[in-house]
Amino acid sequence: MVEDMATDGPRRAKNPEVAGVLLAAGGGRRLGGRPKALLTHRGRPLIEHAVRSLRNGGCGPLHVVLGAAAEEVRARADLTGCSVSVNPGWEEGMGSSLRLGLAALTATDADAALVLLVDQPGIGAEAVARVRLAYGSRMSLAAASYGGERGHPVLFGADRWPGIAAAAVGDQGARAYLREHRDAITLVECSDVAEAYDIDTSQDLKHLE
């Protein structure tokens, strides 16, 4: 059988490698300075839940970006199997963490990055797996959708990383890039398997178990 490599070169001869990128650098300013990665969920640090969602959703390798209380997170959370970067400029906002996470993947064979936020415990492996399956090429752009509204996780084909990094400033993350390229985004409905709430304030802590 002759393999069709016309659309994406030799990489299409293998299964695509979709790396998981977990952004977990935030300091929890609206939570009284409690780093979100260390909030307790089901008896363990919240960051472990997010790592498990990426791993069980089929992503690999896994890369975690820490910031606030990074050494404490390393000491208390089980990040086995993950590579870790510490963002010294985490207070600048999510954009700097996204840039760091994508930069860490440039030396790998990853065909795409699937980005998840640490403060969304309602998003589990099922949503991750669905968005991961939306990969089509290294120009892929896909995101989970909740009732037609774009949310996380988001998948970025590797050929888009430079443009995304250039647009990731302040606390916007990839929002500006996604707005500019909205027509290229494949939306993957996930509202039947996930909930896209954030843990931002003390009132949101009710979502933790």
Side-chain angles (χ1 to χ4, degrees), residues 19-55 57 59 61-106 108 113-125 127-128 143-144 151-154 156 161 164-178 194-209:
V21 177
L22 177 60
L23 303 185
R29 178 177 53 83
R30 287 187 286 170
L31 288 167
R34 299 168 63 188
K36 294 180 180 182
L38 289 174
L39 295 174
T40 300
H41 182 54
R42 298 175 183 171
R44 297 296 303 166
L46 183 58
I47 190 171
E48 291 183 10
H49 173 81
V51 166
R52 189 162 52 250
S53 295
L54 288 172
R55 180 177 291 120
C59 293
L62 302 183
H63 192 86
V64 176
V65 181
L66 301 179
E71 291 310 310
E72 186 179 357
V73 175
R74 284 180 183 270
R76 291 178 50 190
D78 181 1
L79 301 179
T80 302
C82 301
S83 58
V84 178
S85 293
V86 177
N87 179 10
W90 64 268
E91 291 181 282
E92 298 172 14
M94 190 190 305
S96 61
S97 291
L98 178 58
R99 293 196 304 271
L100 190 62
L102 293 178
L105 297 179
T106 57
T108 74
L114 188 143
V115 179
L116 185 65
L117 308 182
V118 75
D119 67 345
Q120 295 188 315
I123 298 175
V128 169
H152 284 85
V154 181
F156 303 124
W161 297 350
I164 293 166
V169 296
D171 203 34
Q172 291 296 302
R175 274 176 278 180
Y177 186 92
L178 292 171
E195 295 180 89
Y197 54 79
D198 300 319
I199 307 297
D200 282 333
T201 68
S202 58
Q203 287 72 33
D204 299 325
L205 295 176
K206 66 181 182 291
H207 293 297
L208 300 178
E209 300 172 15

Enquirer: Using every non-hydrogen atom in the two residues, find where Ala194 and Ala127 come nearest and quote the distance to one decimal.
Expert: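 Smallest heavy-atom distance, with atoms named: CB-CB, 3.9 Å.
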Enquirer: Is there a donor-acceptor contact under 3.5 Å from the side chain of Arg99 to the main chain of Ala168?
Expert: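 Judged by distance alone, yes, a pair lies under 3.5 Å.
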Enquirer: Restricting to salt bridge (charged side-chain N to carboxylate O under 4.0 Å, His left out), what partner residues turn up for Arg44, sequence neighbours left out?
Expert: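 Partners of Arg44 by the salt bridge (charged side-chain N to carboxylate O under 4.0 Å, His left out) criterion, ordered by chain and then number, come out as Glu48.
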Enquirer: Could you pull out all residues at least two apart from Asp171 that satisfy side chain to side chain donor-acceptor pair (under 3.5 Å)?
Expert: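 Partners of Asp171 under the side chain to side chain donor-acceptor pair (under 3.5 Å) test: none.
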Enquirer: Using the test side chain to side chain donor-acceptor pair (under 3.5 Å), find all partners of Ser83 that sit at least two apart in sequence or belong to another chain.
Expert: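 Scan of Ser83 (side chain to side chain donor-acceptor pair (under 3.5 Å), adjacent residues dropped) gives His63.
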Enquirer: Identify, with sequence neighbours excluded, every residue that meets side-chain contact (heavy atoms from CB on, under 4.5 Å) alongside Glu91.
Expert: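 Glu91 satisfies side-chain contact (heavy atoms from CB on, under 4.5 Å) with no residue once adjacent residues are dropped.
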Enquirer: Can you list everything that forms a side chain to side chain donor-acceptor pair (under 3.5 Å) with Asp119? Sequence neighbours excluded, please.
Expert: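 If we apply the side chain to side chain donor-acceptor pair (under 3.5 Å) test to Asp119, skipping adjacent residues, the hits are Lys36.
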Enquirer: Indicate yes or no: at least one non-hydrogen side-chain atom of Leu23 is less than 4.5 angstrom from one of Trp90.
Expert: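 They are not in contact (no side-chain heavy atoms under 4.5 Å apart), so the answer is no.
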Enquirer: Mind checking what makes salt bridge (charged side-chain N to carboxylate O under 4.0 Å, His left out) contact with Arg74, not counting sequence neighbours?
Expert: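 By the salt bridge (charged side-chain N to carboxylate O under 4.0 Å, His left out) rule, Arg74 matches Glu71.
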Enquirer: Among all residues two or more places apart in sequence or in another chain, which pass the side chain to side chain donor-acceptor pair (under 3.5 Å) test with Ser97?
Expert: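 Testing Ser97 for side chain to side chain donor-acceptor pair (under 3.5 Å), a comparison that skips the adjacent residues, returns Asn87.
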Enquirer: From the options Leu117, Val115, Ile123, Leu22, select the one residue that forms a side-chain contact (heavy atoms from CB on, under 4.5 Å) with Pro153.
Expert: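 Only one of Leu117, Val115, Ile123, Leu22 forms a side-chain contact (heavy atoms from CB on, under 4.5 Å) with Pro153, namely Ile123.
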Enquirer: On a heavy-atom basis, which atom in Ala104 and which in Ser85 lie closest, and how many Å separate them?
Expert: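 Residues Ala104 and Ser85, closest heavy atoms: CB-OG, 4.2 Å.
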Enquirer: Got a sec, which residues hit salt bridge (charged side-chain N to carboxylate O under 4.0 Å, His left out) with Arg76, two or more places apart in sequence or on another chain?
Expert: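 In terms of salt bridge (charged side-chain N to carboxylate O under 4.0 Å, His left out), with neighbours along the sequence ignored, Arg76 is linked to Glu72.
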Enquirer: The criterion is side-chain contact (heavy atoms from CB on, under 4.5 Å); which residues satisfy it with Ala143, sequence neighbours excluded?
Expert: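 side-chain contact (heavy atoms from CB on, under 4.5 Å) check on Ala143 returns Arg150, Val154, Ile185, Leu187.
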Enquirer: Leu208 versus Pro121: any side-chain heavy-atom pair under 4.5 Å?
Expert: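 The answer is yes; the side chains approach within 4.5 Å.
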Enquirer: In Å, rounded to the nearest 0.5 Å, how long is the span from CG of Leu54 to CG of Leu116?
Expert: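 Between atom CG of Leu54 and atom CG of Leu116 there are 5.0 Å.
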Enquirer: Specify whether His41 and His49 have parallel, tilted or perpendicular ring planes, treating 30° as the upper limit for parallel and 60° as the lower limit for perpendicular.
Expert: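 Ring orientation, 0 to 90° scale: perpendicular.
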Enquirer: Are the side chains of Ile47 and Leu38 in contact, using a 4.5 Å heavy-atom criterion?
Expert: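 Sidechains of Ile47 and Leu38: no contact.
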Enquirer: What are the two closest non-hydrogen atoms of Val64 and Ala24, and how far apart are they?
Expert: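 Smallest interatomic distance, heavy atoms only, reads CG1-CB, 4.5 Å.
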Enquirer: So do the side chains of Cys82 and Arg55 get within less than 4.5 Å of each other, counting heavy atoms only?
Expert: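 Answer yes - side chains close enough.
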Enquirer: Kindly write out the residues that satisfy ring pair (Phe, Tyr, Trp, His ring centres under 6.0 Å) with His152, not counting sequence neighbours, or none if the list is empty.
Expert: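 Testing His152 for ring pair (Phe, Tyr, Trp, His ring centres under 6.0 Å), a comparison that skips the adjacent residues, returns none.
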Enquirer: Return the minimal non-hydrogen interatomic distance between Ala113 and Leu102, and the atom names on each side.
Expert: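 Answer, listing the atom of Ala113 first, then Leu102: CB-CD2, 3.9 Å.
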Enquirer: Specify the closest pair of heavy atoms between Ala69 and Pro35, including all atoms of both residues, with the distance to one decimal.
Expert: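 Minimum heavy-atom contact is CB-CG, 3.7 Å.
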Enquirer: Suppose we screen for side-chain contact (heavy atoms from CB on, under 4.5 Å). Which residues come up paired with Ala70, at least two apart in sequence or across chains?
Expert: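 Once residues adjacent in sequence are excluded, the partners of Ala70 under the side-chain contact (heavy atoms from CB on, under 4.5 Å) criterion are Leu66, Val86.
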Enquirer: How close do Leu98 and Phe156 get, counting heavy atoms only, and between which atoms?
Expert: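 Smallest interatomic distance, heavy atoms only, reads CD1-CE1, 4.4 Å.
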Enquirer: Going by side-chain contact (heavy atoms from CB on, under 4.5 Å), name the residues that satisfy it together with Ala19, two or more places apart in sequence or in a different chain.
Expert: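 Partners of Ala19 under the side-chain contact (heavy atoms from CB on, under 4.5 Å) test: Pro61, Leu105, Ala110.
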